[in-house]
Amino acid sequence: MLNSYVFAPLVGGIETVSALLAQAFVSKGHEVAVVTQTPAATASEPSRNYQVLRQPSPQQLMTITAWCDVFFQNNISLQGIWPLALKRKPWIVTHQTWIARDDGTRNWRDQLKRSLLPFGTSVAISPAIASQLPVPSLVIPNPYDESVFTIDPIIRRDRDLIFVGRLVSSKGVDLLLEALSALRLKGLRPTTTIVGAGPELDHLKEMAIANSLEDQVEFAGKLGGKPLATILSRHRILVVPSRWQEPFGVVALEGIACGCAVIGSNGGGLPDAIGPCGITFENNDSSAMARAIEELVTNPDRIGALQKPRQEHLQRHSSKVIASDYLKLFLSVLGRNGQHNPPI
């Protein structure tokens, strides 16, 4: 059973990873049930080769827990794990983010989650996340959707920079605009596309106008799936200017897969997602970001060099490889619980 508090039709990192893993587990011959608190968008579910149980009743949750061999939680949720107190099943939890508030403090829920971790097996999506857990953990990075994000040789790569993400202060789009303004004073005007939606949209548009950037910055709205892959393929460089410590950064993998070099902040797990296919700068430092942009915009050969290791880097993050890592872990945990090569 794959317990994912959020799931499709919502769009986000956890939702995407849960769907990719569920599909990959099924493709390897295992039966999967996804349990989520996300309601369906319509009365009928899209066709999938695995069960999706939405907002289950306590009885339904008990029944599905009794059925499964492994209780796998993609990010810890207190609401989802209570049946394990009554039905003893191996509990594996993947930590997709920090168990803390945005300011680093921990409330009683965070403290309770951390106190429960010794009773399960922890997976961290990056060494940065692993370093903040109170228990040992296995690092298994997140996958990306290689069926969607790939280089399209037909699309002309005619733009320079692209940002993809929620338009909130923690994502640092205003820092990107500051960097563009500084570069404009030096005569550099890289074309830039902002993909995303959020409460900062109006402020960012006003900031672009105030800094005379409206002729080079385009706000493209929220995109996902194939339309996102298409627009990524038009750009040379993906910029991930996050202020906060990103736990990982699947968007970096998506950009690399579509042929972009990446410039990103160096906090948290984002450098692991970027790997050898980009360069990093100190969080919150728009001047350092501007220097990194200048380095790549004025040196196409440097972009080419950063693209050379892309296939090897992306292979490590394919959904099949990541699913195999999880299945090995599941079998290991089941073996430690006295079962011999059971179904997953």
Side-chain angles (χ1 to χ4, degrees), residues 9-13 15-16 102-103 149 155-246 249-252 254-255 258-265 267 270 274 278-298:
L10 296 180
V11 177
E15 298 92 320
T16 299
D102 289 343
D103 62 0
F149 295 95
I155 298 174
R156 184 183 172 205
R157 204 170 292 275
D158 58 358
R159 290 183 66 81
D160 296 312
L161 310 177
I162 184 169
F163 164 88
V164 179
R166 291 178 296 118
L167 301 185
V168 293
S169 60
S170 64
K171 293 298 184 179
V173 184
D174 58 326
L175 296 173
L176 173 57
L177 296 181
E178 287 180 12
L180 292 176
S181 181
L183 290 171
R184 191 177 182 91
L185 296 176
K186 300 177 70 173
L188 292 175
R189 301 182 180 185
T191 53
T192 303
T193 304
I194 309 296
V195 176
E200 291 287 305
L201 176 59
D202 290 341
H203 168 67
L204 294 170
K205 287 183 175 180
E206 292 169 1
M207 186 176 177
I209 294 171
N211 287 276
S212 302
L213 299 171
E214 64 269 29
D215 62 334
Q216 69 186 82
V217 176
E218 174 186 345
F219 290 86
K222 187 176 181 180
L223 297 173
K226 203 62 182 176
L228 176 57
T230 297
I231 200 168
L232 280 167
S233 295
R234 289 187 58 195
H235 292 76
R236 299 177 183 89
I237 303 164
L238 170 71
V239 184
V240 190
S242 296
R243 276 193 167 87
W244 85 308
Q245 310 287 307
E246 291 283 353
V250 171
V251 68
E254 294 170 346
C258 291
C260 298
V262 182
I263 295 173
S265 52
L270 182 55
I274 296 171
I279 56 179
T280 61
F281 61 90
E282 194 73 23
N283 288 51
N284 293 297
D285 190 339
S286 63
S287 296
M289 190 197 319
R291 290 192 294 271
I293 292 171
E294 181 178 5
E295 177 184 347
L296 296 192
V297 167
T298 60

Nearest heavy-atom neighbours spanning [X] and [Y]:
| X | Y | answer |
| --- | --- | --- |
| Ala220 | Thr193 | CB-CG2, 3.8 Å |
| Leu176 | Pro241 | CB-CG, 4.4 Å |
| Arg189 | Asp215 | NH1-OD2, 4.1 Å |
| Ser265 | Asn283 | CB-OD1, 3.4 Å |
| Glu294 | Thr298 | O-OG1, 2.5 Å |
| Leu296 | Ala261 | CD1-CB, 4.2 Å |

From [X] atom [atom1] to [Y] atom [atom2], the distance as rounded to the nearest 0.5 Å:
| X | Y | atom1 | atom2 | result |
| --- | --- | --- | --- | --- |
| Leu228 | Glu254 | CG | CD | 6.0 Å |
| Glu218 | Ile194 | CD | CD1 | 10.0 Å |
| Glu178 | Leu213 | CD | CG | 10.5 Å |
| Leu180 | Leu175 | CG | CG | 11.0 Å |
| Ile293 | Thr192 | CD1 | OG1 | 7.0 Å |
| Ile279 | Met289 | CD1 | CE | 11.5 Å |

Qualifying side chain to side chain donor-acceptor pair (under 3.5 Å) pairs, either residue in residues 221-232, two or more places apart =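 Side chain to side chain donor-acceptor pair (under 3.5 Å) check on residues 221-232 returns no pairs.
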Not counting sequence neighbours, list each pair that qualifies as a side chain to side chain donor-acceptor pair (under 3.5 Å) and has a residue in residues 195-206.
->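 Residue pairs passing side chain to side chain donor-acceptor pair (under 3.5 Å), neighbours aside: none found.
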Val164 and its side chain to side chain contact (heavy atoms under 4.5 Å, CB included) partner, picked from Val239, Ile231, Val195, Leu223 |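 Of the listed residues Val239, Ile231, Val195, Leu223, the side chain to side chain contact (heavy atoms under 4.5 Å, CB included) partner of Val164 is Val195.
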Backbone of [Y] reached by a side-chain donor or acceptor of [X] within 3.5 Å:
| X | Y | result |
| --- | --- | --- |
| Asn211 | Ser181 | no |
| Arg236 | Cys260 | no |
| Gln216 | Pro190 | yes |
| Ser233 | Ala229 | yes |
| Ser170 | Trp244 | no |
| Thr280 | Gly278 | no |
| Asp160 | Thr191 | yes |

Mind checking salt bridge (Lys or Arg N to Asp or Glu O under 4.0 Å) for [X] and listing every partner two or more places apart, or none if nothing turns up?
| X | answer |
| --- | --- |
| Glu282 | none |
| Asp158 | Arg234 |
| Glu214 | none |

Salt bridge or not for Arg243 and Asp174, using N-O below 4.0 Å?
->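 The answer is yes: the pair qualifies as a salt bridge.
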Could you check whether any side-chain heavy atom of [X] comes within less than 4.5 Å of a side-chain heavy atom of [Y], counting everything from C-beta outward?
| X | Y | answer |
| --- | --- | --- |
| Leu204 | Val217 | no |
| Ile237 | Ile263 | yes |
| Ile274 | Val240 | no |
| Lys171 | Glu246 | yes |
| Ser287 | Phe281 | no |

For Ser212, what residues pass the side chain to side chain contact (heavy atoms under 4.5 Å, CB included) criterion, not counting sequence neighbours?
->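 Side chain to side chain contact (heavy atoms under 4.5 Å, CB included) check on Ser212 returns Arg184.
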